[in-house]
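See structure below.
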Amino acid sequence: MLKNYKKSLFVPARMSYMKIAAVFAVILVSGPIIANAATNGEFFARIWGNHGRNDVASHDEVVYDEEKGVSFTVTYPERDYEEVDIEKAEELIGAQVSYPSITKEIDGTTMTILSAVKDKNAAVVEFTLEKEGGVDALNYSQLDNEAKGAWFSDEATFLFRFGDGGENIFVDLDKSTKDKLYCYDYMTLQSVSSDISMELYEYPCTQKERTEADERKLAEIDAATKETTINIPIKNEVASIEMKNADGGVVQISPLSIKIDMNTGLGLTAEEAYDPFNCYLVSVNYKDGTNYVVSEHEKPGKHTCDVEINNFGYACGSMENEMTYVFNRLVDIDQVASVTVNDVEYSIK
């Protein structure tokens, strides 16, 4: 929520940046076969696999709040990654990935959109940022990757966002250099558009100067801000299937994401269904008896666990009381037997 609040401060007032009501951040693409053959499947292995990523055990970190001048301890959840079966990945989404190679020069920084793929509820976009002398537009670190993702720095003179939902930018620290960042943007979507749009705002000053400007100066900055929308074409949408619980509550699941209707079958009031914290366990259960725990945390009086788990690229709630999780691995939906949300089972009827 803090990430999106900060980012919303940088967007001109006449633009509507926040189109979603609840953001869940827990801390307590032309020729896919050729492209993957050339990189030995690196595209799949880095975005949905364990190349350049290590499993993260739950750990405590001391965080300093500059505004309040105090320190506090934050517990980061466990996060696990899996090796990708390249042939299976190609079978699941290979025909749906587009490779647009869109390049944009932004005040000395070169942004290149390398690939994109989406289902009806979520998407992943791969891009690079390159600047001689060092990319300074983003703040990023291992801990940012584990939590809120990369965020725009005080020195940045521009801001961009994909789609019309929420997002989390993962910076590949293994592959990136000081002068070139490889980024994977995991996002939820609110519209039914067949493509993905990128909204770009180029400011006549730095983000710091904009946030510190008085009302008169801010109006001048916004008037001088250049706004551009870049369309990112998608070849085909990744297919989803629906599963239902005993009361007819629905989850939509694809190889990329799962969307959960919190309103029906979970025993929650409308107010409770609106609160993402009440979605305390999401597990994809396979036919072979194994499962993929997407998210798990303690809920007093309802659920306990040895360790909290965040095995997703991004998660976000909507005004309609729906929770969407973008997976950090590919899911073979043909092999899914059921889905567990809290203590409720969903299956194909």
Side-chain angles (χ1 to χ4, degrees), residues 1-5 7-8 16-28 77 118-123 148-149 161-168 186-193 237 240-254 256-285 292-303 305 308-328 331 333 336 338-349:
M1 294 180 71
L2 177 61
K3 172 192 173 187
N4 282 276
Y5 170 73
K7 291 167 69 176
S8 71
S16 174
Y17 182 80
M18 290 295 291
K19 299 183 180 179
I20 54 179
V23 176
F24 189 35
V26 179
I27 311 180
L28 333 164
K118 71 180 287 292
D119 59 23
K120 64 172 59 177
N121 300 311
K148 61 184 180 295
R161 65 183 296 275
F162 294 97
D164 59 355
E167 60 187 313
N168 185 317
Y186 302 85
M187 68 190 75
T188 58
L189 303 174
Q190 302 296 315
S191 75
V192 293
S193 173
E237 193 172 86
S240 304
I241 61 172
E242 287 192 352
M243 292 185 166
K244 296 183 178 182
N245 61 36
D247 294 329
V250 175
V251 298
Q252 297 175 348
I253 183 171
S254 83
L256 302 180
S257 73
I258 185 169
K259 185 175 185 177
I260 304 162
D261 179 2
M262 300 283 288
N263 295 295
T264 306
L266 294 174
L268 303 174
T269 66
E271 183 178 4
E272 290 171 337
Y274 183 78
D275 184 352
F277 189 68
N278 288 314
C279 190
Y280 51 79
L281 172 63
V282 179
S283 174
V284 177
N285 310 311
Y292 160 31
V293 178
V294 182
S295 176
E296 184 175 16
H297 64 266
E298 291 200 3
K299 179 71 167 60
K302 289 284 188 178
H303 183 72
C305 56
E308 296 191 357
I309 297 173
N310 281 11
N311 283 334
F312 51 78
Y314 185 67
C316 185
S318 75
M319 293 180 66
E320 290 73 33
N321 301 350
E322 295 168 324
M323 279 298 302
T324 300
Y325 295 85
V326 189
F327 298 142
N328 71 351
V331 170
I333 56 178
V336 176
S338 65
V339 168
T340 302
V341 179
N342 295 348
D343 57 355
V344 177
E345 293 294 312
Y346 295 71
S347 60
I348 297 176
K349 301 296 184 180

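Source: prediction; values computed, not measured.
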Minimum heavy-atom separation for [X] and [Y], please, with both atom names.
| X | Y | value |
| --- | --- | --- |
| A273 | N263 | CB-OD1, 4.1 Å |
| I253 | I333 | O-CG2, 4.0 Å |
| M262 | C279 | CE-CB, 3.6 Å |

Please examine the side chains of [Y] and [X], heavy atoms only from C-beta on, and report whether any two atoms are closer than 4.5 Å.
| X | Y | answer |
| --- | --- | --- |
| V326 | F312 | no |
| H297 | P77 | no |
| V336 | M243 | yes |
| Y186 | N328 | no |
| M187 | R161 | no |

Original post:
By ring pair (Phe, Tyr, Trp, His ring centres under 6.0 Å), which residues pair with F327, not counting sequence neighbours?
Top reply: Y292
**OP:** Return the set of residues passing side chain to side chain donor-acceptor pair (under 3.5 Å) with S254 (not counting sequence neighbours), or none when no residue passes.
**Re:** D119
Subject >> Any residue meeting side chain to side chain donor-acceptor pair (under 3.5 Å) with K299, in chain and number order, not counting sequence neighbours >> reply: N278
Original post:
For N245, what residues pass the side-chain contact (heavy atoms from CB on, under 4.5 Å) criterion, not counting sequence neighbours?
Top reply: D247, V344, Y346
**OP:** Quick one: pull up NZ in K244 and CD1 in I348 and give me the separation to the nearest 0.5 Å.
**Re:** 11.5 Å
Original post:
Which residue pairs satisfy the salt bridge (charged side-chain N to carboxylate O under 4.0 Å, His left out) criterion with at least one member in residues 309-326, sequence neighbours excluded?
Top reply: K259-E322
Subject >> Listed partners of E237 passing salt bridge (charged side-chain N to carboxylate O under 4.0 Å, His left out), at least two apart >> reply: K118
